[in-house]
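Taking it in order: structure first as structure tokens, then the write-up.
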2 protein chains.
Amino acid sequence: MSTGNPLEPTDRAILRELAVDGRCSFTDLAERVGLSVSAVHQRVRRLEQRGVLRGYAARLDGEQIGLPLTAFISLTPFDPAAPDDYPQRLEHLPQIEACYSVAGDESYILRVRVSSPAGLEELLRQIRESANVSTRTTVVLSTPFEDRPPAV
Amino acid sequence: MSTGNPLEPTDRAILRELAVDGRCSFTDLAERVGLSVSAVHQRVRRLEQRGVLRGYAARLDGEQIGLPLTAFISLTPFDPAAPDDYPQRLEHLPQIEACYSVAGDESYILRVRVSSPAGLEELLRQIRESANVSTRTTVVLSTPFEDRPPAV
DNA sequence: ACTGAAATTTTTAGAAG
DNA sequence: CTTCTAAAAATTTCAGT
């Protein structure tokens, strides 16, 4: 499995702009990367088809949408012989924003977002029930920065 | 410190749609939430001004942009008396996508993205040098899911 | 706060160099 | 890749309810 063809500098420039402003118009984009609108349009379509550009998402303020509490939850299976279908067992819980399979003492790290400590407690109960795992939780106190554009 | 006014159902619907498809047109948005285009436009503007909507970002494929290696790095200060300016000391490193201040044994958790193990090694060196901390690194093997829309 | 309409800009596709 | 063309669609503003 390769990581795909290396990206051209122009494509990288386009991705950088769209990572910062996903709603940037083709007109602005063209100006910023120094290409015609048609050319940019063509390139963005190609990047979408190749799967390099996987979509666009709004950045929401966790506090203002009523989900002020973020936490990381590390999972350790109780039964080492159990089939590894933890992600499938957990994806029905919308509070889980991300699920990473990791090397180390624990098997998975989840990033979750809830409305309150009570909500976190309830979520932990659901996770243990759904996946038969022990959990270790690290509460986020503040987020100095997040969602920075990758160094494409 | 409040978490802001509770959101109206219509605003929540708009945010849900934009979280999934950040480039959704106002026309489509209006149809999906059952309002006129003008009304939706007005509400989106207001959500942006209130800071609930903090922007829009392209979702990029880490592998295809040449950054196939993700890791979590936990930081522990060497000097407990040192001023807590770690985020400022680290923000110049573009490989760091997110920085969380956390409760627990460690002080910060970073989510980073690099091109290779060598890149990770180099980044760890830079982090220790910039922030005078000890590090604990957890390498991500795979990402079953990420960037799921929050349960607004 | 929403609707509907009008004016402007953008998107999208295609032709030709 | 560029420029040009042109129709369709989206954005944006504004008067009216």
Side-chain angles (χ1 to χ4, degrees), chain A residues 2-67 115 147 149-152, chain B residues 2-61 64-66 147 149-152:
Chain A
S2 111
T3 59
N5 304 322
L7 290 168
E8 282 187 283
T10 306
D11 283 335
R12 295 219 325 262
I14 290 173
L15 294 174
R16 259 196 306 272
E17 294 298 333
L18 288 177
V20 173
D21 178 10
R23 276 194 89 113
C24 183
S25 73
F26 288 100
T27 310
D28 286 350
L29 208 47
E31 200 173 314
R32 292 184 206 171
V33 305
L35 245 60
S36 70
V37 175
S38 319
V40 168
H41 187 256
Q42 226 169 30
R43 279 172 181 265
V44 170
R45 279 264 163 285
R46 226 173 321 164
L47 289 167
E48 286 173 348
Q49 286 191 332
R50 279 172 53 190
V52 185
L53 253 169
R54 282 169 32 189
Y56 307 87
R59 275 189 285 258
L60 308 183
D61 184 298
E63 312 223 337
Q64 296 207 54
I65 60 176
L67 299 171
S115 60
D147 293 330
V152 185
Chain B
S2 111
T3 58
N5 305 322
L7 290 169
E8 283 187 283
T10 306
D11 283 335
R12 297 220 324 262
I14 290 173
L15 294 174
R16 258 196 306 273
E17 295 297 333
L18 287 176
V20 173
D21 178 8
R23 276 196 89 115
C24 182
S25 73
F26 289 105
T27 310
D28 286 350
L29 209 47
E31 199 173 316
R32 290 182 208 172
V33 305
L35 244 61
S36 71
V37 175
S38 321
V40 168
H41 188 254
Q42 221 169 33
R43 278 172 181 266
V44 170
R45 281 262 163 283
R46 220 172 321 152
L47 289 167
E48 285 172 350
Q49 287 190 333
R50 279 172 53 188
V52 185
L53 253 169
R54 283 168 32 189
Y56 307 87
R59 275 189 284 258
L60 309 182
D61 185 298
Q64 294 208 55
I65 61 176
D147 295 330
V152 184

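- Residues meeting the ring pair (Phe, Tyr, Trp, His ring centres under 6.0 Å) test with A:Y56, sequence neighbours left out: none.
- Here A:A151 pairs with B:P94 under the side-chain contact (heavy atoms from CB on, under 4.5 Å) rule; sequence neighbours left out.
- Residues that satisfy the salt bridge (Lys or Arg N to Asp or Glu O under 4.0 Å) test with A:D11, not counting sequence neighbours, are A:R43.
- Among residues at least two apart or in separate chains, side-chain hydrogen bond (donor to acceptor under 3.5 Å, both in side chains) pairs with a member in residues 25-36 of chain B are B:E17-B:R32.
- Legend: ring-ring contact (aromatic ring centres under 6.0 Å, His included) pairs involving residues 15-44 of chain B, not counting sequence neighbours, sorted by first then second residue: B:F26-B:H41.
- Against DNA chain D, the stretch residues 15-26 of chain B makes heavy-atom approaches under 4.0 Å through B:S25, B:F26.
- For the contact set between residues 34-41 of chain B and DNA chain D, defined by any heavy atom under 4.0 Å, the members are B:V37, B:S38, B:H41.
- Residues A:L18 and B:L60 are not in side-chain contact: their nearest non-hydrogen atoms beyond the backbone lie 4.5 Å or more apart.
- The span of DNA chain C lying next to chain B, judged by atoms under 4.0 Å from heavy atoms, is bounded 5' to 3' by C:dA1 to C:dT11.
- The residue A:Q42 sits close only to the backbone: its heavy atoms come under 4.0 Å of sugar-phosphate atoms, none of a base.
- Considering only residues two or more places apart in sequence or on other chains, A:V20 meets the side-chain contact (heavy atoms from CB on, under 4.5 Å) condition with A:P149.
- The outermost nucleotides of DNA chain D lying under 4.0 Å from heavy atoms of chain B, listed 5' to 3', are D:dA10 to D:dT13.
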Legend entry - Residues B:L35, B:I14; criterion side-chain contact (heavy atoms from CB on, under 4.5 Å); working and verdict: CA-CA 10 Å; B:L35 244 61; B:I14 290 173; 5.5 Å; no
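- Counting heavy atoms from C-beta outward, A:R50 and A:L7 have side chains that approach closer than 4.5 Å.
- Applying the side-chain contact (heavy atoms from CB on, under 4.5 Å) test to A:A57 and every residue at least two apart in sequence or in another chain returns B:R59.
- Counting heavy atoms from C-beta outward, B:D61 and B:I65 have side chains that stay 4.5 Å or more apart.
- Partners of A:R45 by salt bridge (Lys or Arg N to Asp or Glu O under 4.0 Å), not counting sequence neighbours, listed by chain and number: A:E48.
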